[in-house]
Each structure stands twice: as C-alpha cells, then as structure tokens.
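Per chain, numbering begins at 1; letters A, B, ... match sequence-line order.
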Amino acid sequence: MLEYLALPPIQRGFLALLTAGIAFPLIGVFVIRLNLITLRFMLMHGALLGSALAMGLQISPLLGSLVINLLLIFILIAVTRRGDIPTGYATTFLMVVSIALAVIVIYKAGVPAKDALSILWGNIYAVRGTELAVNSGVGAAILLFILVLRRRLTAVLFNYEVAATSGIPSETYRRVILIGTGVTIAISMRLVGALLLDSLVLLPAVSSLLVAGSTGAMFLVSSLVGLSSALLGFILSLWLDIPVSAGVTLTSALIFGIFILIKHFRRSL
Amino acid sequence: MTEPLISFRRVHVRRGNRLVLRNLSFDVSPGEHLILQGENGIGKTTLLKTALGFILPEKGSLIRKLRGPGSLAYLPQESLSGDLPISVREVVDIGLSARRMGRAERNRKIHDLLEALGCASLARRSFATLSGGEKQRVSLARCLAQAPELLVLDEPTAGLDPEIRARFYPLLLEMAAGHGAAVLLVTHDLKGIPQTGWRRLRLEQELDESLVREVG
C-alpha cells in the first residue's frame, strides 16, 4: 500500500486532503453556528458553475470555482448590506441562478457528461501542484485567522449583536467568514466533490459541538476530527479500494457516531 | 451641565413599511438609571436598538457622546448562545475582547467580576447548563467587563421566577453605580424591580409624535 505514496499525484492528493482535514472543519463551525447552511448550498452550486465554465475554457476547475464563489459572495454582501433582503432569500436566488447557468454551460460548451459528473464526485488525485499550493495557503490562512482572533470570533459566534456592542467589528468578521466559506467550499468540491463535501467541512464541526465544553475545545476537536477523518479515510480507501471521498465520509460518520454515544453515556452518568 | 450620552433629536425610525418612532426626542445622561415602559409593540425595542446603533434613523439626529467602542453594553432579552459550547469564563471574556490587556490581568478581572456577582464557582461550567438567573448574572458580568458608560437591558428577567427577579435588580443597580454606568432598562413588567433608584419613563404614541413621558 505504501508504494502508492511514492506516486506524485497520490502525494499531492494526500497532502491536500490532510491540510483540508485540519483547516476546513474550522469553517464548518461557522457555517453551523452562524446558520449559513443555505449559503453553503449556494456556494456548492457556484463551484459547480465555476468548474463547468473552467472545463469549457480549458482552465483549472479550482480557479473557476474560486472566481465564481468569490463573485457570489461579493454579490451577496452588496445585496444584503442594507438589511432589507434576508440572506436566506438572496442565497436561494443565487443558488438557483448558478445551477441554471451551470446546466447551460455544460450543454453549450459540450462538457462531456463524465467530466461534469466528476465535479460532483471530486478527484483528489487530479490536484495539480498550484492547486495544492492554493489549498495549503488557504488552510494556513484559516488556522491563522482562528488562532489570532479566537476571542473575538467567540463573541461573534455567541451573539452577533452582543459582539458588536462589545466593540468588535462584527460585520467585517462576517464578511471575512463568508469569503473563507466561499473559498473552502470551492476547494472541497475539487477534493471530495459536492456529494461528500459535508463529511470534510460539516461533520467534524458537528461532532465537536457534541463533546466540547468551550469554544477553544470546539475548534480543536473539529480540527482533530477532520484530520483523523482525512488520514484514516485515505488509508481506508487504499486498503478497501474505494473512492477516497467515501473513505473520508465513512470515517467521519464513524467518529460522529462514537461522539453521539459519548454524549449519551455522559448524560446517563 | 453634563452632556447626555445619547440624544435622540426628532428621530423617525421605520421598520419595514411601518413608521415605528416619529419625531422622538429623548436623552440618556451619564450615571442615570432609567426604566422605559410601554405597551407591547409601541417601539421600546426599536428605540433601544436605535440607541445601540443596530437600526439607523430615517430622519432626525442621533448623537452619541461615548468614549469609544465598547462603551455601550447590551444584555438582550434572551441569551442566544443556544448550544454553543462556551464556558462561563469565555462569556465574561467577550466583554474584554476589544480591550488590550495581558492574560494575567484578564484572568484576574474575570475572576473579580464573577466573584462580585456571586458566580466565581461557575467559571469553568458550560454557559448552556446554567439556570436562567445564573445566566443573567454571568451576562451582567460580561457587560460590566466592558467598563461601559451605558448598560442597555432588554427585558432581562423575562421568564425568570420572582425570587430571581427580586435579587437581580438590586444587584444590577449596585453594580452599575459601582462602575459609574448609566442604565437603560426596557421592560413591560415591573414585578421585582425596586421602587427607588430609578427614573421611570413611558413610551407613548400621540398623533404624529412618539413621546417619552416621566411617570410616578
């Protein structure tokens, strides 16, 4: 099994998965706590549109997804700035428009059905050197963001209005979190695909919420669960000869199940 | 004469299609303790959120003469932390998050505030597991950690039993006076609030004007 790790595409995929496993669940914590679930749907559809456009233009799918997701985030910030259009309405509208445009692009640009399907499944072994660099840079930026601003971010997670009156620029942090979510989802789509993205971003975050007693522990546990899911999921996929995304999801789901049992037994005691 | 901390001057505030506050003029001065009463839907929470800067007036001027960020502390109707795994210590630390201080000084400050409010033994507990009364005392510690000039409270004891209410308000007045903070308390239920130590105001609507009248 170890001989596979000598192959450069597998090395790149492995490193990209580990980096994402450590950093992306931290964004998942914000997605869950700040109720950004509809935003995540919008970004998944945006990444699909970006990938379809990139395939049509024969450029990096990751680049296409990043550009479209950032564009969607900027549109969302502009549209919801005055507060008269709820974020949920705007994300739903942009999601529907994105998927409609993606279907048009796939049809008109003649993107083969197999390639279009690969957008849904992701492919970590297709990660290029530059994409690995982008993935690592984004992962490092997310870690740094949390480490440096953890106390202020705790306030934003606790209560948006309380944070604002405590002297924290909540709106600026919200925008940074939205941009971070857009970038994270674009990269996750490339790694594990739309269908299994939640196993890398959301499931570790949800697991941490089950067992952590403080926000520091919540961030740490979500990151450790993400790392374990990525590492063990990768090994499992090589061992059982199944797709990496399936291996990561199985591991992440197993850890989630164990944490549910821990919470249940803690209550019983 | 001392300048007001917040001055509403002929302020109009709209929520959706409804003009909730019309031509409202109203001051909050340093160190004063105000209770703002009024019927449900009259605009008390809108007034409070305008004072806090969450809602912008459509017309008129809102002048805030405050030291800077964090000078207004806000204790909302209910704590919206939900199931966030946050410790009591971390909740109080939110009040200090915009202030520059070393870790040792921060820890001492958090301990002192929790002790003053009788919550020192709860420091490591999860906030979500506290009773309603404990949560409000910890939230008051968070507000005081900001060293605010004005404490703004929106129905802080809604849903709490009378015994807890009777203990909370004297503690609030004592702590606010000790920290030199003005208090603006918005409530429709005066049960458990001491008779003395407050200036009582009532928000009313009259034709094309919102009025804040002194009562009792």
Contact origin within Leu75(B) toward chain A - heavy atom pairs under 4.5 Å: neither
Identified side-chain contact (heavy atoms from CB on, under 4.5 Å) counterpart of Ser97(B) within the set Ile168(A), Thr154(A), Leu149(A): Ile168(A)
CZ-CZ distance between Arg106(B) and Arg151(A), expressed to the nearest 0.5 angstrom: 3.5 Å
Atom group of Phe54(B) that falls short of 4.5 Å from chain A, counting heavy atoms: side chain
Heavy-atom pair with the smallest gap, counting every atom of Leu84(B) and Arg33(A): N-NH1, 3.2 Å
Most chain A-contacting option - heavy-atom pairs closer than 4.5 Å, from Arg89(B), Arg99(B), Lys49(B), Arg124(B): Lys49(B)
Closest-packed option against chain B by number of heavy-atom pairs under 4.5 Å, given Ala155(A), Ser214(A), Gly167(A): Ser214(A)
Contacting region of Arg142(B) [heavy-atom separation from chain A under 4.5 Å]: side chain
Passing candidate, side-chain contact (heavy atoms from CB on, under 4.5 Å) with Ile94(B), options Asn159(A), Val162(A), Leu157(A): Val162(A)
Val91(B) portion near chain A, given a 4.5 angstrom heavy-atom threshold: side chain
Part of residues 11-46 of chain B lying next to chain A, heavy-atom separation under 4.5 Å: none
Check: Gln146(B) side chain, Thr165(A) main-chain N or O, donor-acceptor pair, under 3.5 Å: yes
Gap separating the CD atom of Glu90(B) from the OG1 atom of Thr215(A), nearest 0.5 angstrom: 3.0 Å
Within 6.0 angstrom of Arg10(B) CZ, more than 12 heavy atoms from elsewhere: no
Heavy-atom proximity to chain B below 4.5 Å, by part of Ala164(A): side chain
Crowding at CZ, Phe41(A) (>12 non-hydrogen neighbours, <6.0 Å): no
